[in-house]
Amino acid sequence: MMDLDLKERVRAAVDLVDVIGASLTLVPKGRMLAAQCPWHDDRSPSLTVNRERQTWKCWVCDIGGDVFSYVMRRDGVDFVTALRSLAEQAGIEYQTGPKVDAGSKDDKSTLLAAVKLICDAYFDQLDSPSTDDAKIARDYLASRGIDDEHRHLFRIGFAPDSWDFATGLLKQNKFRAEIPVAAGVALNRRGGNGSYDLFRGRLMFPIHDMQNRPISMGGRVIPEIAARHGENAGGKYINGPETKLFRKSEQLYGLQLARESIRKGGQALVMEGYTDVIAARQSGIEPVVAVLGTALGEAHVRTLKRLADRVVLVLDGDAAGQRRADEVLELFIKADADLRVLTLPDAMDPADYLNQHGREALQHLVAEAPDALEHKLGSLTAGIDVTHDTHAVMQAIDTMTGILAKAPMLDPLKQDQMILRLSRTFEISQARLEDRLEKKRAEEKERKRKAARFRAAADAAGRDSRPSETSAGPGARNAGPATRNTPPAPAGSATGPIDPNLLLAEAAEMELDDPWSMEQSGAAAGPAAATAKPSQDREVPLSGFDRELFETMIESPELAGRAVEAIDPEWLDTLSAKMILAAYQELDLQGRELTVETLLALIENDFLKNEVVTMQFRLAQREGKITQTPEQRFQSLLEQFHRRENIAEKHRQIAKLESLALDENEELDLLKQLFDSEKDRQQIDH
Ligand SMILES: [Zn+2]
């Protein structure tokens with residue numbers, strides 16, 4: 001978890017109204033402000049902003065939060081990146097480690113300035129009328145069909161055919177000797193004596209971050225210039241190395257330009273080269289990005305999933321493209337995304353294809369692109385003689401059922417379709433295929449269970465004092481390892497500070513094995529029902545009961561303090577509620593105010609933030625209409641909690657009576673306890 005003080009300082013230093021107002025027009029709406037929501041087709045301004053509380057909410061999209069979640073959503077970035085960018089805006093020193101020496105290779109703003117200087121210089125070079133090489137570069141760019149408008153939009157430049165253009169320029173501008181290499185534009189000379197330019201005689205494509213700042217670049221060879229250097233000309237493409245600014249596994253080329261259209265259309269196309277992105281954009285297809293000399297990875301998909309539901313990977317129709325399609329399948333299952341694969345025909349790349357067939361043809365292929373699973377099936381069955389090659393058929397079925405078994409989110413309809421197709425393709429009955437799939441699922445579940453048990457054991461070894469099994473409530477009836485079923489510990493137990501964000505991540509890892517999610521959905525937990533359950537169960541909205549509690553806590557921070565003492569997280573209905581209470585407990589432990597603002601600063605999870613803000617906005621709407629005071633509502637809630645607990649306790653005792661062979665005295669004892677608790681309950685009732 002990020003340092004809460006830092007989060008609070010940043011939150012205090014920026015005004016949500018300014019942040020939203022920078023890109024949207026805000027108008028007064030009652031006591032609040034409102035803007036047209038950029039995340040749905042909004043005619044009336046329905047994105048409401050509460051200036052006082054520094055929160056926002058769109059009821060249509062059911063999203064909302066504080067300034068951090070607004071920036072996360074707007075820029076499609078994670079919490080840490082949003083925090084960093086707001087901190088930078090507010091001029092708050094972000095570095096928590098040792099202080100960075102300004103101007104050194106560890107200083108990001110120095111590196112940013114250096115990369116910008118070089119990119120601008122390359123850009124100007126391409127326009128330079130004075131050199132023959134610049135003309136060669138311009139002609140070559142034109143021969144690739146890239147027009148002036150898009151040359152400017154993508155800031156395409158030209159690196160002169162020189163060993164010291166970039167290094168010299170940086171030196172001239174008083175950058176330290178270590179900067180050219182640290183910024184990714186130069187290489188160290190052998191023997192450690194200075195550095196020389198990485199990009200020479202190439203077309204340059206700057207890579208921008210979400211704030212449209214250049215952070216790295218890639219260079220494409222220009223054949224006529226490369227011919228002078230023979231074998232030493234280097235590869236067709238050279239990508240900038242990983243630096244403090246640039247991570248290939250996270251960065252997507254063109255995302256800063258494509259972001260809006262990806263969000264609007266709900267779909268992102270991922271291509272493999274800069275020129276493909278530019279060609280697509282030029283033909284009028286905007287939601288296009290490219291990976292940067294690496295395969296599409298989990299981090300990329302995570303970024304894109306924040307913006308759009310559907311990701312279409314457009315692969316060149318050559319062997320490398322085919323190979324890559326297989327890698328994508330694992331990703332499809334792991335990242336749980338609607339990931340489609342389009343392999344272009346006749347070994348064409350997207351730019352070629354667009355040239356020959358035009359935009360509509362490509363859009364048609366994109367719309368028809370099979371998902372990664374179907375794509376894999378296609379490649380598995382290609383070239384198999386189904387009627388004769390029994391061995392190959394069995395292998396293909398084994399592979400496919402194994403893949404299907406790994407997909408927890410697999411839509412039952414999709415599964416039926418896949419089974420049907422497998423059945424037709426291989427002439428094997430659906431029942432037998434389903435059988436095979438169930439077996440694979442059982443294996444997969446066992447594997448997961450073992451992994452979870454291992455994690456739990458490792459976890460228990462790491463923390464000496466977990467709450468004892470007697471306090472574990474419903475979990476205690478399970479014979480399984482207690483630690484796995486143990487929710488956030490009650491306040492004041494010896495477990496030390498709780499990190500709700502960490503807990504949520506842990507819960508996410510448990511996926512299907514999560515006992516809470518099973519209970520609250522009330523699923524008749526047959527094996528099929530269990531495996532088909534979405535892993536997003538942790539994101540179950542609060543129950544009415546939970547909400548009632550938190551609304552009183554939001555309304556009255558004083559009551560919140562008492563609730564933290566009095567409420568056992570076990571009593572709450574949903575994992576989400578347990579997490580929010582855990583966050584309150586953490587604030588209490590740290591001696592912070594128990595307000596919505598501090599609560600939001602602590603919680604980093606989008607979903608939980610929206611739950612909190614929704615309650616806060618709902619409270620504001622009901623203002624003046626609630627007759628009971630928060631105190632009265634809190635008292636009645638406490639009574640209801642106790643009543644529910646009594647009933648649960650009674651059930652536990654009855655279960656004990658039924659399951660244990662007790663001697664007469666013990667049985668009598670238990671019955672007496674039951675009777676007493678029943679008496680207590682009735683006294684509470686009346
Ligand atoms: Zn909206």
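Along the sequence shown, residues carry numbers from 1. Remember, it's 1-based here, ligands and their atoms both numbered in the order they're listed.
- When atom types are taken as modelled, the side chain of Gln54 and the backbone of Leu16 share a donor-acceptor pair closer than 3.5 angstrom.
- Tally of protein N, O or S atoms closer to the Zn ion (ligand 1) than 2.8 Å: 4.
- Note on residues 544-553: pairs passing side-chain hydrogen bond (donor to acceptor under 3.5 Å, both in side chains), not counting sequence neighbours, are Ser543-Asp546, Asp546-Thr574, Glu551-Arg622.
- Among residues two or more places apart in sequence or in another chain, the salt bridge (Lys or Arg N to Asp or Glu O under 4.0 Å) test is passed with Arg11 by Glu8.
- To the nearest 0.5 Å, atom CD1 of residue Ile580 and atom CZ of residue Phe550 are 5.0 Å apart.
- Residues Phe68 and Trp56 keep their aromatic ring centres 6.0 Å or farther apart.
- Note on residues 272-303: pairs passing ring pair (Phe, Tyr, Trp, His ring centres under 6.0 Å), not counting sequence neighbours, are Phe205-Tyr274, Tyr237-Tyr274, Tyr253-Tyr274.
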